[in-house]
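Worksheet for the structure shown next.
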Amino acid sequence: MNKKLGNIFKGDKVIWMVFFFLCMVSVIEVFSASSELTYKSGSYLAPIFKHIGILFVGVFFMVVTLNIKCKYFKIVTPLLLIVSLLSLLFVLFFGQSTNGANRWISLFGIQFQPSEIAKGALILATAQILSATQTEHGADRAAFKYILLVCAFIVPFILVENLSTAALLCFVIFLMMIIGRVPMSQLGKLMGTVMLFAVVGFGAIMLLGTDRAKEQTANVSTEVVKKQEKQEGAAFKILHRMDTWKARIDKFTDDTPVPPEKVDLDKDAQVAYANIAIASSNVLGKGPGNSVERDFLSQAFSDFIYAIIIEEMGLIGAFIVAFLYVILLFRTGRIAKQCANSFPAFLAMGLALLLVTQAMFNMGVAVGWLPVTGQPLPLVSKGGTSSIINCVYIGVILSISRSAKKRDSEPAIGLATNNEKINSNN
């Protein structure tokens, strides 16, 4: 029995434990936070059964992935880049709209976001470029150009519809270049250029974007607003997300104190109810399943699930969940440090940084430190293909922990064994 379980749960046991605990938190909190879905579906158990089913599918693909030797991940990189580019182009013009953004493709009744595939493809490509250009003094200067070239074909199409995802992905790529020892002079120039574009982009958003809530507050008629929407829809088909970005910036930067009796729960429902959930949690929380704000907080089971975790599990439970991601990052760092070859090390760190950075961003939004975006909490929030793909990322890390050649593994006296020869190609 133990041998059979060992054949399934291969790889680093700490990563497995972190994954298991995050899944347990996910099942409990999604079940608690899905009151809105149970009301719409008319079934108390249907949403959580669906979520558990998706997690089982994710675990299946994770087990399949961890049994693939890490050297084979290089082979799928060109294919994933092509699929990512084509799917991002398709979703830009023909994708299904959710909350004003065309992010979804429906295939055989299954919805998925091409950006989720594109993130993994770009991490793979960056890891491969960094590993191929490593020298004794760090990455060759050409690596910087190759990485920017690949990003230029992927990131802009993500940015148009999902600014936060594009920003997080670029941040992770930048961290990978630091880990890959790309010359600091190149990274410094990149930071300066990014800051310049950020200032220009911020100015464009504030000038061209329209905060609809402010217009209505200023007594602009609904007919005028609708007319402006139609005009801008014709003139700015690609940049229609500027309105959403400006509204979020205005809301986040507005520090005007608002008395409790004047809080507009219709306009600022997510932030208001998230704050109420956190403020009423105390240290130990109300206990699993006892959330009150889940019935009022939109996307309580997804974007704002961390607020529900704080409300039900208290500050201690919130800290434990955050600490699980920290363990995931540091344990992956240890796995990467043990790799004898650079590609699996860069790939493992890139995927761990992707998951942990997104998690920290989601937590920052939930507690009001960052502006509201649509970033779910990885491996915890209710999701579809995103949850499955996150499980695949964990499977890749487990595969690297299991199959990558280790630094301390040296061939015995004489010729290397066949297994060592195979592992040396990882």
Side-chain angles (χ1 to χ4, degrees), residues 8-12 15-16 19 57-87 112 114-134 139 143 146-147 149-151 153-154 169 172-173 175-177 179-180 328-329 331-356 378-379 385-407 409 419-426:
I8 297 175
F9 299 105
K10 298 176 182 177
D12 189 85
I15 300 292
W16 268 110
F19 175 77
V57 173
V59 171
F60 170 78
F61 282 105
M62 184 176 72
V63 172
V64 171
T65 304
L66 71 86
N67 280 282
I68 300 173
K69 291 189 176 180
C70 60
K71 64 180 180 180
Y72 294 116
F73 295 136
K74 291 182 179 181
I75 300 174
V76 300
T77 303
L79 177 62
L80 284 179
L81 288 173
I82 294 173
V83 171
S84 298
L85 180 59
L86 294 178
S87 59
F112 71 95
S115 59
E116 294 295 329
I117 301 175
K119 289 191 296 185
L122 201 52
I123 296 296
L124 266 170
T126 302
Q128 198 161 339
I129 292 170
L130 289 173
S131 65
T133 56
Q134 284 296 304
Y146 294 147
I147 292 173
L149 181 62
V150 175
C151 290
F153 281 99
I154 300 295
L169 180 58
V172 171
I173 297 299
L175 293 178
M176 289 183 68
M177 287 194 287
I179 295 173
L328 173 63
L329 180 61
R331 188 67 181 185
T332 304
R334 182 176 179 181
I335 293 170
K337 188 176 181 180
Q338 292 176 344
C339 292
N341 300 295
S342 56
F343 170 70
F346 291 142
L347 179 57
M349 285 305 302
L351 294 177
L353 286 169
L354 184 64
L355 292 171
V356 174
L379 302 172
T385 51
S386 62
S387 297
I388 296 174
I389 291 175
N390 287 334
C391 289
V392 171
Y393 293 162
I394 297 294
V396 173
I397 296 173
L398 289 171
S399 171
I400 292 170
S401 71
R402 184 184 69 88
S403 62
K405 183 182 178 182
K406 305 298 186 293
R407 286 184 180 275
S409 60
N419 289 335
E420 288 169 335
K421 291 180 180 179
I422 292 174
N423 289 335
S424 65
N425 294 324
N426 290 343

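Predicted model, so just to flag it, every value in this text is computed and none were measured.
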Treating [X] as the side-chain partner and [Y] as the backbone partner, does any N or O pair qualify as donor plus acceptor under 3.5 Å?
X: K69; Y: N67; answer: no
X: S399; Y: G395; answer: no
X: Y393; Y: G120; answer: yes
X: W16; Y: K10; answer: yes
X: Q134; Y: S342; answer: no
X: R402; Y: L66; answer: yes

_Quick check: do L355 and L351 have side-chain heavy atoms less than 4.5 Å from each other?_
no

*asked:* Less than 4.5 Å apart, side chain to side chain, heavy atoms only: is that true for L353 and I179?
replied: yes

Pairwise distance [atom1]([X]) to [atom2]([Y]) - rounded to 0.5 angstrom:
X: I117; Y: L81; atom1: CD1; atom2: CG; value: 12.0 Å
X: I389; Y: F61; atom1: CD1; atom2: CZ; value: 10.5 Å
X: I397; Y: M349; atom1: CD1; atom2: CE; value: 9.0 Å

*Work out which heavy atom in L80 is nearest to a heavy atom in A121; give both atom names and the distance.*
CB-CB, 3.7 Å

*Could you pull out the closest heavy-atom pair between I68 and S403, with the gap in Å?*
O-OG, 4.3 Å

*Quick one: list whatever passes side-chain hydrogen bond (donor to acceptor under 3.5 Å, both in side chains) with S386, sequence neighbours left out.*
none

